Amino acid sequence: MSSTPSTPVAPARYNFRETEAKWQKAWEERQTFHARMDKARPKYYVLEMFPYPSGRIHMGHVRNYTQGDVIARYKRARGFNVLHPMGWDAFGLPAENAAMEKKVHPKKWTYENIAAMKKQLKSMGLSLDWSREIATCDPTYYRHQQKMFLDFWKAGLAYRKEAWVNWDPVDNTVLANEQVIEGKGWRTGAPVERRKLTQWNLKITHFADELLERLDTLDRWPEKVRLMQANWIGKSRGARVFWQLTDASGAAPSGKDWGKLEIFTTRPDTLYGASFAALSPEHPIVAELAETDPGLQHFVAECRKTGTAAAEVETAEKIGYKLPLLAKHPLMPGKTMPVYAANFVLMEYGTGAIFGCPGHDERDHEFATKYGLPIIPVVMPEDADAKSFSVANEPFVEDGVIINSDFLDGLTVEDAKIKVIERLEEMGVGKGTTQYRLRDWLVSRQRYWGCPIPAIHCEKCGVVPVPEKDLPVELPEDVTFDRPGNPLDRHPTWKHVACPTCGGAARRETDTFDTFIDSSWYFDRFTSPKFATAPFDREENHYWMPVDQYIGGVEHAILHLLYSRFWTRAMRDVQMTSRDEPFDGLFTQGMVCHETYRAADGSWLLPEEVERLDGGKVVRASDKSPVEVGRSEKMSKSKKNVVDPDQIIHDYGADTARWFMLSDSPPERDLEWTEAGVTGAWRFQQRLFRIASEAVAELPAAGTPKPASFSDAATALRRAAHKTIAGVSADIEAFHFNKAVARLYELASTIDGLKSKDAADKWAKREALEIFVRLTGPMTPHLAEELWQALGHKSLLADSPWPLAEDALLVDDTVTVAVQLNGKLRGTLQLAKDAPKEEAEKAALALPELARGLDGKTPKRVIVVPNRIVNVVA
RNA sequence: GCCCCCGUGGCGGAAUUGGUAGACGCGCCUGACUCAAAAUCAGGUUUCCUCACGGAAGUGUUGGUUCGAGUCCGACCGGGGGCACCA
């Protein structure tokens, strides 16, 4: 793609390279996008999820930031004081992997990547306030994070706990529950292992109910994300029930203090159908019994071997080990049942113990069948017969009527739950309770390139906080990556420190924080990024927060978005803010996809390595060998179906890339990147430049007073232009960028189509062109700025207000009304707007097309919807 | 297994939320310009019947509600996503 330098006199072609650089420089020099607090103006905070500095931006970034930039520029034009910052999610494992592979220090690698990506982002012409740039790996950033952690610790929101945790064997670190997907590490895809470790946790479960309830108020969040979070939190109502344990003789187990076994159930209505109790292999009672029972020890070890991968779990047989115990039924005096240790009972959920009701639970049914335990029906369908109803072959898991259950008989499941909980509470053998699936957030990571956890381990004093005056705890830079594992742990001096309490020899915590902590408050930091004495200036933060529009990928629906909601609440609880929620509006954009190409030898090919022949056949460009075209998938390095944004911006310009990103595909859906689509977008930029350049010569000067009257053609153009203002505005507000683009295409054709005959026509053409240019400002800012200047304006378009639609031009005086016969279209009618029903009916019945269809029959009924349709029923 | 979303031309997608289905773009076809091609411009493009005028069918399948259904309801088929031994 060649471009000739443009001349002001007769610009044949739009020279995007020169023009884009020119306006980027102009915006930067004038600090056009620097945000300053101004309480007299309404603020608007637009934020796109900040990138990990991998080294190069990818098309997903281009799409994400283009969308955010449209909103930011649009809101600016609408008079909002816009904050639109950018920064770097700079801690993380790829830096350590690079250190191991390429012998570069993670810090150096990260900052070099940041510089490279910043340059790329700048070439996109985004309206970002770069003066607020932050990097989470900067000690001036993470020191505040350490301070907040200490505050949370003091407030009881951070604690250490020994537990079975998920260990990623590839990254050599533990992972939070949210970071294990189908039993595999979210980054590495390696099956996680179970390890028992003492780790730092943040008490997200403290806010479980609040995090769930407040989802309802996030009405500018996608329903889908709210649903996913609700499912993740997983609230269920039920009861805790206490079962007296005895040994086989009925006596209390000798010398043991297990008095009663606590179980959680969501189906207390089926208590009378209980036929066994089962404990998790990790349950303390099991552990204690195992001490003297080699068989049990063996069983527990076997259970541990089974992985947590989805496939393994699904196929794993339900196995149990009968314990030398009996459990007394809390509601049926004299009834006892066997107690098992069972592999399917999770220690992390509920109390780590269940009662089995095989008649009404698939899993319990399988277990009972295997071990020959009784299967008693206690719920049956409303129309079934209690005497003959059987669940021997299959459990009945639906709603129904309670049977064989003493005082519960005849009740519905719902009523029985209420009544049985009342009874359990009266008798002191149980109580109604709520259980959540959500677990606390495990934040320790056995890695170097992260924020150090500000804690010190002292043999005498235990775990003590690093005194605030010693913050930040900075990462040492002299570390080695010659071996796997945590370089902090093997650093010769860093971890040795005096105990802040007793002054004795102690050692630092060598784990670092999960990097999701870094991104849980960066949006707050952007409100006052240089503030030194606290994470943020309260006044600035209060002015700018919450984020009015957050934009990012749906893959963070749970992880980042839930953590951020938690962190905001934790900050609130330690009186740092009074806010509950960080993100007022959320938009999740779709992925950028591309076809995949495979050579005959099975290797993947880059799109630029293939060639499409005239017949549609696809071959390898180098040797014309056949290429197999695969379906369109998310762009990924592994399948090589990537297009480099740098290349596109170089060949076509940022505006073309932005325009294409916004055209056609609705922003929440996946976008298919095609060469044809890009060239189409590029052609439109050129066409627009041509239309405008040709018109400029004949237009009246900017600011020429409005003529008193217009020709019909001019009025039609004015109507089209003003309707486009209203339409594009509404579309941008609703994130319907593809529709806004379609409207702009239409307006461009209409403008081009008006052959100006008189001065009023020319005035209308200038008006329409100016409107057009202003409406494209948020989407293709460079070209718009260039045309704005060409139209004779001295000010920056970026500083100009959004055009205002004249109401009178938005409504037509005549409307087209469809005429139907029995619901089928027969013709159309031009009627005055808001014409009376009678008139519409009369006109419709006079329509020849209708008379022909009616064929002499008399209409039975005529339905008139004003300004829409007339339906004649015959 | 449970929960959620989506099925519209050759393709990406519109359809004021129950009121003219296919806006706009891509692709394709025809024409203009050109010695020619590219680029550009003009016109056409759901399918079927008809030279045409017109007409019929049509939004995954199927049944229903309604004067009227892409839109609402039921069943089914297909695609995608989330959760998953959660008691």
Side-chain angles (χ1 to χ4, degrees), chain A residues 13 181-183 222-232 234 236 238 263-268 270 278 280 306 308 310 312-314 316-318 342-346 348-357 361-364 366-367 397 435-439 554-555 557-558 616 659-660 663-666 668-672 674-681 683-684 686-687 690 727 730 736 738-749 752 816-829 849 852-853 859-865 867-874:
Chain A
R13 269 203 155 182
I181 293 149
E182 295 190 345
E223 184 59 38
K224 182 179 154 177
V225 173
R226 292 192 279 169
L227 201 78
M228 281 166 72
Q229 290 209 356
N231 287 341
W232 188 263
S236 38
I263 63 103
F264 172 76
T265 177
T266 55
R267 295 294 304 271
T270 63
S280 164
T306 320
T308 45
E312 273 179 87
V313 164
E314 216 154 279
E317 203 186 347
K318 307 210 176 339
N343 65 341
F344 61 87
V345 183
L346 304 175
E348 301 89 3
Y349 186 76
T351 59
I354 62 155
F355 80 84
C357 177
D361 181 282
E362 307 254 4
R363 194 191 45 208
D364 295 348
E366 187 184 331
F367 191 81
V397 295
Q435 189 68 41
Y436 298 90
R437 212 189 65 111
L438 183 71
R439 314 277 159 78
V554 74
E555 64 273 19
I558 292 172
W659 185 258
F660 175 63
S663 316
D664 295 349
S665 295
E668 70 278 9
R669 264 195 242 176
D670 289 351
L671 175 142
E672 161 92 9
T674 60
E675 186 67 17
V678 184
T679 50
R683 275 205 302 271
F684 183 65
Q686 295 292 341
R687 180 171 166 229
R690 197 214 75 222
H736 293 158
N738 56 323
K739 286 163 70 178
V741 165
R743 284 182 211 276
L744 288 165
Y745 271 117
E746 262 176 301
L747 182 57
S749 296
D752 198 28
T816 308
V817 172
V819 178
Q820 299 180 331
L821 175 60
N822 294 328
K824 275 182 191 168
L825 186 72
R826 288 294 127 161
T828 57
L829 218 50
E849 293 97 317
R852 192 168 20 171
K860 281 191 213 131
R861 202 179 149 190
V862 181
I863 288 128
V864 182
V865 180
N867 304 326
R868 288 271 159 74
I869 64 141
V870 177
N871 189 14
V872 179
V873 187

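Only a predicted model underlies this, so the values are computations on that prediction, with no experimental measurement involved. Naming: A, B, ... by sequence-line order, numbering from 1 per chain.
- Residue A/Arg687 has a polar side-chain atom (N or O) positioned under 4.0 Å from OP1 or OP2 of B/C41.
- With P as the reference atom, B/G81 and B/G44 are 41 Å apart, rounded to whole Å.
- Minimum atom distance to the side chain of A/Arg363 is reached by B/C86, of the listed B/G12, B/C86, B/C3.
- Heavy atoms of A/Thr265 sit under 4.0 angstrom from primed sugar atoms or phosphate atoms, though from no base atom.
- Only one option out of A/Val817, A/Ile869, A/Asn871, A/Val870 pairs with A/Val864 in a side-chain contact (heavy atoms from CB on, under 4.5 Å); it is A/Val870.
- Looking at heavy-atom distances under 4.0 Å, A/Val862 makes no contact with the nucleic acid at all.
- Comparing the C1' positions of B/G25 and B/G63 gives a spacing of 37 Å, expressed to the nearest Å.
- The shortest distance between side-chain heavy atoms of A/Phe355 and A/Asp364 does not fall below 4.5 Å.
- The CG atom of A/Asn231 sits 9 Å away from the P atom of B/C4 (whole-angstrom rounding).
- Classified by interplanar angle (parallel below 30°, tilted 30° to 60°, perpendicular above 60°), the ring pair A/Trp659/A/Phe684 is parallel.
- Spacing between atom CG of A/Asn822 and atom P of B/G55 amounts to 15 Å, rounded to whole angstrom units.
- The glycosidic torsion of B/G43 lies more than 90° away from 0, which places this base in the anti conformation.
- Comparing A/Leu825 and A/Glu672, the nucleotide of RNA chain B nearest to each residue sits closer to the 5' end for A/Glu672.
- A/Glu555 places its CD atom 10 Å from the P atom of B/G82, with the value rounded to the nearest Å.
- Contact annotation: A/Lys824 side-chain N/O to B/C67 OP1/OP2 distance is not under 4.0 Å.
- Residue A/Asn871 places a side-chain atom within donor-acceptor reach of the base of B/C67, judged by atom type and a 3.5 Å distance cut-off alone.
- We find the CD-OG1 distance between A/Gln435 and A/Thr351 to be 8.0 Å, quoted to the nearest 0.5 Å.
- Comparing the P positions of B/G31 and B/G55 gives a spacing of 30 Å, expressed to the nearest Å.
- With rounding to whole Å, A/Arg437 atom CZ is found 10 Å from B/A87 atom P.
- When the C1' atom is compared between B/C73 and B/U66, the two are found 12 Å apart, to the nearest whole Å.
- Minimum atom distance to the side chain of A/Met228 is reached by B/G82, of the listed B/C24, B/C67, B/G82.
- Taking the O4'-C1'-N9-C4 or O4'-C1'-N1-C2 dihedral as appropriate, B/U17 has a value within 90° of 0 and is therefore syn.
- Proximity of A/Arg226 to the phosphate of B/C4: no side-chain N or O atom is located under 4.0 Å from OP1 or OP2.
- The base-pairing partner of B/A57, taking Watson-Crick or G-U wobble contacts with both distances under 3.5 Å, is B/U46.
- Here A/Asn738 reaches the OP1 or OP2 of B/A14: one of its side-chain N or O atoms lies under 4.0 Å away.
- For the P atom pair drawn from B/G79 and B/U8, the interatomic distance equals 14 Å after rounding to whole Å.
- Remark: the A/Arg826 side chain and the B/U20 base include no donor-acceptor N/O pair separated by less than 3.5 Å.
- Among the atoms of the strands shown, only primed sugar atoms or phosphate atoms (P, OP1, OP2) are found under 4.0 Å from some heavy atom of A/Leu227.
- With a 4.5 Å cut-off on side-chain heavy atoms, A/Glu849 and A/Val819 do not count as touching.
- Counting to the nearest Å, the C1' atom of B/G79 and the CZ atom of A/Arg669 are 13 Å from each other.
- With rounding to whole Å, A/Phe264 atom CZ is found 9 Å from B/C86 atom C1'.
- Nucleic acid contact class of A/Arg743 (heavy atoms, under 4.0 Å, all strands): none.
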Listed pairs, N/O of protein and of nucleotides 26-30 of chain B, under 3.5 Å:
unit_1: B/G27; atom_1: OP2; unit_2: A/Arg683; atom_2: NH2; d: 3.4

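- Residue A/Val865 is classed as a base contact, given a heavy-atom separation below 4.0 Å to a base.
- Note on A/Arg226 versus A/Glu223: salt bridge recorded, some NZ/NE/NH1/NH2 to OD/OE distance being below 4.0 Å.
- Between A/Arg861 and B/C67 there is a side-chain N or O to OP1 or OP2 distance below 4.0 Å.
- The CZ atom of A/Arg868 sits 20 Å away from the P atom of B/C67 (whole-angstrom rounding).
- Looking at every heavy atom in both residues, A/Arg439 comes nearest to A/Tyr349 through NH2-CB, 4.1 Å.
- When side chains are defined from C-beta on, A/Asp361 does not count as touching A/Thr270, because their heavy atoms never get closer than 4.5 Å.
- Side-chain atoms of A/Ser280 come within 3.5 Å of backbone N or O of A/Val345 as a donor-acceptor pair.
- Comparing B/C51 with B/A37, their C1' atoms are spaced 35 Å from each other, to the whole Å.
- Between B/G43 and B/U62, the distance separating the two P atoms is 39 Å to the nearest Å.
- Residue A/Arg439 places a side-chain atom within donor-acceptor reach of the base of B/C86, judged by atom type and a 3.5 Å distance cut-off alone.
- Distance A/Lys318 NZ to B/G1 C1': 12 Å, rounded to the nearest Å.
- To the nearest 0.5 angstrom, A/Arg743 atom CZ is 10.5 Å from A/Asn738 atom CG.
- Of the candidate nucleotides B/U40, B/A87, B/C85, B/A87 has the atom nearest to the side chain of A/Ile354.
- Comparing B/A87, B/U20, B/C67 by their closest approach to the side chain of A/Thr828 singles out B/U20.
- Under the 4.5 Å side-chain criterion, counting only non-hydrogen atoms from C-beta, A/Arg826 is not in contact with A/Val872.
- When each of A/His736 and A/Thr266 is assigned the nucleotide of RNA chain B with its nearest heavy atom, A/His736 is the one assigned upstream, toward the 5' end.
- For A/Lys739 and B/A15, the shortest distance from a side-chain N or O to OP1 or OP2 is below 4.0 Å.
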